[in-house]
Amino acid sequence: MNRTLLLKQYSPTWLGQIIECHPSVPSTNDRARDILDQLGPAAHGAVVMAEEQTGGRGRHGRSWHSPRGVGLALSVALWNEGPSDRAVCLPLAGSLAVLRALHHSAGLRGRLKWPNDVLVGGKKVSGVLVESRVQGDRPSGLVLGIGVNLLHREEDFPDDLRSFATSVRLAGGRPVTEEAFAASLLVALSPLLEEGLMNPAALVEKASGTWAHEPGDLLDVSSGEEILRGTFAGIAPDGSLLLKVDGRIQAVHHGDVTRVRPGGPRAGILAKEEKRGS
Ligand code: BT5
């Protein structure tokens with residue numbers, strides 16, 4: 001990752017007054033948190049990138065696979081003394097920015113999988129992790145971390161990821177350098193973050209039409225040990241998943257969509273396509 005090349009393609013706004021590019025770090029989120037610790041409010045908008053993460057992480061203690069030179073690991077430090085519900089919009093700002101960057105820099109159309117995955121061709125190309133920093137009992141900063149698979153070939157993924165992970169290269173996107181993708185991502189992210197921190201519902205509105213789920217799809221949503229099964233009924237203005245369970249709409253605030261079976265009009269179309277293919 002070459003900072004000079006990046007700065008030829010991205011003119012920093014409030015986002016990127018500090019940009020660090022590292023060959024290898026345990027996690028760019030940790031480094032962004034260190035910058036918040038060191039600089040306080042002056043850290044707002046600092047960007048940390050790395051060619052490799054040795055301890056990249058996902059949500060709930062899961063890991064994020066970030067081998068050297070094939071993907072982008074990027075974190076943004078945000079100073080935030082306001083209500084912690086501001087964090088709600090951040091994953092969506094991140095994943096929407098990835099969708100835009102995929103389209104702009106690689107010509108790929110992605111879809112969002114609730115709550116924070118970006119899929120291309122039904123496989124995961126990017127994940128977003130938001131962590132908050134608390135000092136005493138006060139929230140005093142947020143870190144938005146984004147991982148994107150760019151140049152991976154099949155063999156660059158460990159066996160257990162191969163069947164559901166993809167990269168820009170594997171999905172047939174235009175070849176894109178880390179710098180060019182990072183520039184597109186930051187260009188998209190800067191206004192989305194500004195808007196989302198003021199008005200999270202505006203981001204939900206912007207995301208409509210980009211979800212991988214369609215009304216009537218049957219979803220399994222796991223949260224800890226529990227699995228909730230229902231049909232997709234949309235995304236609420238606060239970003240929660242609306243699930244119709246036994247005829248009643250429930251808002252799901254945390255969890256993972258673990259299984260999707262198409263329902264509604266799409267199920268009929270898919271069944272016909274399957275029949276034609278067989
Ligand atoms: C995520 O968590 O998808 C959030 C990933 C965030 C990574 C970024 S990179 C920059 C910053 N620094 C960090 O340390 N993290 C952030 P989650 O929804 O919990 O998904 C994690 C799951 O995705 C894993 O358990 C694997 O199944 C899968 N996975 C891991 N690495 C992957 C990869 N490279 N591509 C696709 N799927 C992956």
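Just so you know, ligand 1 is whichever comes first in the structure, and atom 1 is the first atom listed for that ligand.
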Mark up the atoms of ligand 1 that fall under 4.0 Å of a heavy atom belonging to [X], in ascending order.
X: Thr28; answer: 10 (C), 11 (C), 12 (N)
X: Ser75; answer: 11 (C)
X: Ala165; answer: 35 (N), 36 (C)
X: Ser27; answer: 12 (N), 13 (C), 14 (O)
X: Leu74; answer: 10 (C)
X: Gly56; answer: 14 (O)
X: Phe164; answer: 27 (O)

Selection from Ser63, Ala32, Gly58 by shortest heavy-atom distance to atom 30 (C) of ligand 1: Ser63
Shortest reach to atom 3 (O) of ligand 1 by a heavy atom, considering only Lys124, Arg62, Arg59, Arg31: Lys124
Test log, rule salt bridge (Lys or Arg N to Asp or Glu O under 4.0 Å), inputs Arg169 and Asp156: CA-CA 12 Å; Arg169 170 183 267 160; Asp156 293 315; 5.4 Å; no
Side chain or backbone of [X] under 4.0 Å from ligand 1, or both, or neither, by non-hydrogen atoms?
X: Ile146; result: backbone
X: Gln53; result: side chain
X: Asn149; result: side chain
X: Val128; result: backbone

CZ (Arg62) with more than 12 external heavy atoms under 6.0 Å: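 Yes, the 6.0 Å shell around CZ holds more than 12 heavy atoms from other groups.
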Contacts under 3.5 angstrom, residues 33-46 side chains, donor-acceptor by atom type, not counting sequence neighbours:
{"unit_1": "Asp37", "atom_1": "OD1", "unit_2": "Arg133", "atom_2": "NE", "d": "2.6"}
{"unit_1": "Asp37", "atom_1": "OD1", "unit_2": "Arg133", "atom_2": "NH2", "d": "3.0"}
{"unit_1": "His44", "atom_1": "ND1", "unit_2": "Trp79", "atom_2": "N", "d": "2.9"}

Protein heavy atom at shortest distance from atom 5 (C) of ligand 1: Trp64 CE3, 3.5 Å
Spacing of CE belonging to Met49 relative to CG belonging to Leu185, to within rounding of 0.5 Å: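 Going from the CE atom of Met49 to the CG atom of Leu185 covers 8.5 Å.
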Inter-residue atom distance Leu96.CG - Leu189.CG, 0.5 Å rounding: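 Taking CG in Leu96 and CG in Leu189, the distance rounds to 10.0 Å.
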Thr28 and Gln53: side chain donor to acceptor below 3.5 Å: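 Indeed, the side chains of Thr28 and Gln53 share at least one donor-acceptor pair under 3.5 Å.
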Donor-acceptor side-chain pairing of Thr13 and Ser190 below 3.5 angstrom: yes
Heavy-atom side-chain contact between Phe181 and Leu186 under 4.5 Å: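 No, their side chains stay 4.5 Å or more apart.
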Where Ser240 and Asp238 come nearest, the two heavy atoms and their spacing: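 Nearest pair, atom of Ser240 first, then Asp238: OG-OD1, 2.7 Å.
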contact_flag Ser66 ligand 1 heavy-atom lt 4.0 Å: no
Ligand 1 contacted by Arg57 (non-hydrogen, < 4.0 Å):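 In this structure, Arg57 qualifies as a contact of ligand 1 - some heavy atom is under 4.0 Å.
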Contact list for residues 1-21, test salt bridge (Lys or Arg N to Asp or Glu O under 4.0 Å), sequence neighbours left out: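 Passing the test, one end in residues 1-21: Glu20-Arg31.
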